[in-house]
Structure formats: C-alpha cells, structure tokens
Amino acid sequence: MDAFYFTPGDYDIDWQELYAGGLNDLEYVKDRSARSKDWGLYLTATVLQVYGFHVTTDILGDIPFSEALRGDDGISEPASESSVSIYDSLIVRLDNALAKDLGAETVTNPGHADFVFGGDIDKWIQFANTLKLKIYLRYAEQNPSKAAAAIQALYASGAEFLSDDAAMDEFADQASKSNPFYEMDKRHLNTNQNLKASRTLFDLLNENNDTTRLYKIYNAAEAGGYKVMNQGDFNATSTALPPLTISTGKVEATDPVYFISEAESYFLQAEAIERGWGTRDAQAMYERGVTASFEHAGDASKTDLFLAGPYDYNTFFGGGELWW
C-alpha cells in the first residue's frame, strides 16, 4: 500500500471472512471441544483464533473483541477495544489453553485433517509459545518493563518455540484450491501485473548481492531484466512507467501460507535475548534465522558468506543496540 488512503469499504470482504467466517468457526470448535473436554482441539482452535485476532488488531487497531462473535447473545454491534487490551486478553486465552484447564478427558489427534502440523500437539504448543513471545514484543517500546517481566517468565517456564514453519501447504493449481493470495490476485483480478517490485526491499537485496532471495521474491520484467518502481509512483501513467518494464512479485498457486515461519521464530527469539529478556544465545538464534531464510529461498550454500558479510550479527546488533 503506497498511499495509506483507506475508505470504509476497503476491507469489507476481509472483515466478513474473519468475523463471519474463520473467527466464528473457531469459536464453534472451541465451544464444542470445551464441552467434550478435548484439550487438543481446544488448543489448536484457540491458537488459530488468537492468531486471527492478533493480525487483525495489528493491521486495523481498535476492533471488536470481547463482545465479538456473540450474535446468539443478542449483541449485534459489539464494542471495539484497543490493541493493548486485546493483546492482554489474547495472552490470557493462550495461557488458559496451554494450562489444560478443561479437566481434559481426551486429546484428539486430527492427523491429516490438521493442515498445519499433521496432528503434532507439541508443535501447537510451540506455536502458542512463539505467538506469546511475538505479542509480548509488541510491548517492548511502549511498556518495556511489562515486556521484560513477561518474556523472562516465559523463558523461566522452559517454554519451547517453533523450529519449523507454522504453515499450510495443502494447495493445488486449481480454481478455489490454490493459495488464497494467488486466488485473489491472479485468478480474480485476472492480471499478472498487479504486484510491482518496490525499490526499498529490492535495493537492499540487490546492493548486498543477495540474488538467491531476490530471484525467490521477484519475477523478471516481461520486457526483460529486473527493474523496480519507487514508493509513491503508484499513480504514474503507463507512458511514464510502462507496466511491462517493472518486475513483479512472485506468487504461485501452490505456495504455502505462513502463520509464523521458522526464520521469524528465530528472529523473535534473537530480539528477546538481545534485549536482555531471554536466556539463550542471541547470535546463534539470529544466524539460525538467516540460515532458515536462505533455505526457504532454496539455496543455503551462501549463508556463511553473508553471515560473515552484509548480514553479520554485529552489523545488526552492534554495540548492544538493536538496529531498528
């Protein structure tokens, strides 16, 4: 998004899909699994629903939460709440789910019906812990003492974090069965020119000779070569900026959907430790994150070269200060 110019209807479809669709469906699973005291299904539904609310409030700010999904209770206009209060409530929901406070009588293994981890409940626990860490880091600048205490307690509890992608990859190159972003952008908009390469990220990769990931993210322009557009040029005429001269984003029908990638998990841990709130090796976590990112791009052979060069740990965390 170049202009940050939103109108009330811009996210209508997304809003409906979340509140009338996914979030509401997960509430149903939570309710049924709580009644049957099935802790496994309750945990997975809670983690996915917390993730959905987390992403929504991250993007939109104040949203309906405590009164949301309660149409059966007669609440037709749920009140919106602040992101900070929602983050606090999301942590409570994750803690309750992780505590097995249902008096669990069964732990259903959904097997292949679990498109994320294939029924591995330990991975769902790691997903929950990693999501907690991510939410806690949202407090890092606004309320560092709160973030510090929460993250230190998380590490002291012996929490394990994701060392694999939390992702769905059950997609096919068929209408209504492909990656949802591809489905929307390629099939519904019927164009391969919608997603243009932005100079900001492109130049970072290009200047560091990081062609491994550059070629993973961008297609060559149809007119040849890899070229980009400046941020803010979205209104440029096709005469001034011929569409076929600009590289496009590489999105395939069978691409996975990532909730939290392995690389992101390691980078979250590196940040927490570097801030002095974790107990492991920040540099090791950072370097594992870089390695995972190159592996995702399909070529980890240059990882050591980059870690000794432009992506050196001390370049990003020099002098004990976070680069951002």
Side-chain angles (χ1 to χ4, degrees), residues 1-2 162-175 177-234 236 238 240-268 270 285-316 323-324:
M1 175 68 71
D2 259 354
L162 284 170
S163 57
D164 298 289
D165 297 321
M168 284 182 60
D169 61 1
E170 302 285 330
F171 301 112
D173 190 3
Q174 302 174 37
K177 294 184 178 181
S178 56
N179 172 290
F181 188 69
Y182 179 94
E183 190 76 19
M184 176 194 70
D185 186 67
K186 305 301 183 187
R187 296 192 201 279
H188 290 189
L189 294 182
N190 194 30
T191 175
N192 62 0
Q193 295 297 317
N194 187 50
L195 300 175
K196 303 293 189 183
S198 165
R199 182 172 300 281
T200 308
L201 176 59
F202 184 96
D203 280 358
L204 173 68
L205 298 173
N206 192 46
E207 289 167 5
N208 288 324
N209 198 31
D210 189 349
T211 54
T212 296
R213 294 190 296 180
L214 188 149
Y215 297 153
K216 174 71 174 182
I217 297 171
Y218 301 113
N219 295 303
E222 288 197 18
Y226 283 80
K227 299 178 183 177
V228 298
M229 61 186 289
N230 294 317
Q231 295 295 138
D233 280 354
F234 63 98
S238 58
L241 195 66
L244 298 184
T245 66
I246 305 300
S247 297
T248 55
K250 187 174 289 186
V251 183
E252 304 296 341
T254 56
D255 282 347
V257 168
Y258 294 90
F259 298 102
I260 295 180
S261 70
E262 178 186 359
E264 182 182 6
S265 174
Y266 291 138
F267 289 139
L268 290 169
M285 288 298 166
Y286 168 79
E287 292 181 351
R288 288 176 74 178
V290 174
T291 300
S293 181
F294 274 92
E295 288 174 344
H296 169 73
D299 183 4
S301 63
K302 298 179 181 178
T303 305
D304 290 342
L305 176 65
F306 279 96
L307 285 175
Y311 304 146
D312 173 66
Y313 172 77
N314 291 312
T315 300
F316 281 79
W323 69 272
W324 55 88

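Note that the numbering runs from 1 along the sequence shown for the chain. Computed over heavy atoms, backbone and side chain alike; hydrogens, waters and symmetry mates excluded.
- At a cut-off of 3.5 Å, with distance as the only test, a side-chain donor of Tyr311 or Asp210 sits close to an acceptor on the other residue.
- To the nearest 0.5 Å, atoms CD (Glu295) and OG (Ser301) are separated by 11.0 Å.
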Does the side chain to side chain contact (heavy atoms under 4.5 Å, CB included) test come out yes or no for Asp185 and Val251, once each step is laid out? CA-CA 9 Å; Asp185 186 67; Val251 183; 5.7 Å; no
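- The main-chain N or O of Lys227 is found under 3.5 Å from a side-chain atom of Ser247 such that the two form a donor-acceptor pair.
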Side chain to side chain contact (heavy atoms under 4.5 Å, CB included) assessment of Leu205 paired with Ile217: CA-CA 10 Å; Leu205 298 173; Ile217 297 171; 3.9 Å; yes
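- Under the 3.5 Å distance criterion, the side-chain polar atoms of Lys177 are left unmatched by any main-chain donor or acceptor of Ala253.
- Asp165 CG to Glu264 CD: the interatomic distance, rounded to the nearest 0.5 Å, is 10.5 Å.
- Ring centroid separation for the pair Phe202 and Tyr218 comes in under the 6.0 Å cut-off.
- Atom NZ of Lys250 is surrounded by more than 12 heavy atoms from other residues, nucleotides or ligands within 6.0 Å.
- Contact of the Phe267 side chain with the Tyr286 side chain is registered, since non-hydrogen atoms from C-beta on lie closer than 4.5 Å.
- More than 12 heavy atoms of other residues, nucleotides or ligands sit less than 6.0 Å from atom NZ of Lys186.
- Atom OH of Tyr226 and atom CG of Asn219 lie 6.5 Å apart (nearest 0.5 Å).
- Counting only heavy atoms from C-beta outward, the side chains of Thr211 and Lys302 approach each other to under 4.5 Å.
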Begin from the C-alpha positions of Arg199 and Gln231 and carry the test side chain to side chain contact (heavy atoms under 4.5 Å, CB included) through to its verdict. CA-CA 7 Å; Arg199 182 172 300 281; Gln231 295 295 138; 6.0 Å; no
Carefully, step by step, assess Lys216 and His296 under the rule side chain to side chain contact (heavy atoms under 4.5 Å, CB included). CA-CA 9 Å; Lys216 174 71 174 182; His296 169 73; 4.0 Å; yes
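- Taken to the nearest 0.5 Å, the CD atom of Glu252 stands 11.0 Å off from the OG atom of Ser178.
- Checked against the 6.0 Å centroid threshold, Tyr182 and Phe171 do not count as a close aromatic pair.
- Rounded to the nearest 0.5 angstrom, Leu204 CG and Ser198 OG are separated by 11.0 Å.
- Between the CD atom in Glu287 and the CG atom in Leu307 there is a gap of 5.0 Å [rounded to 0.5 Å].
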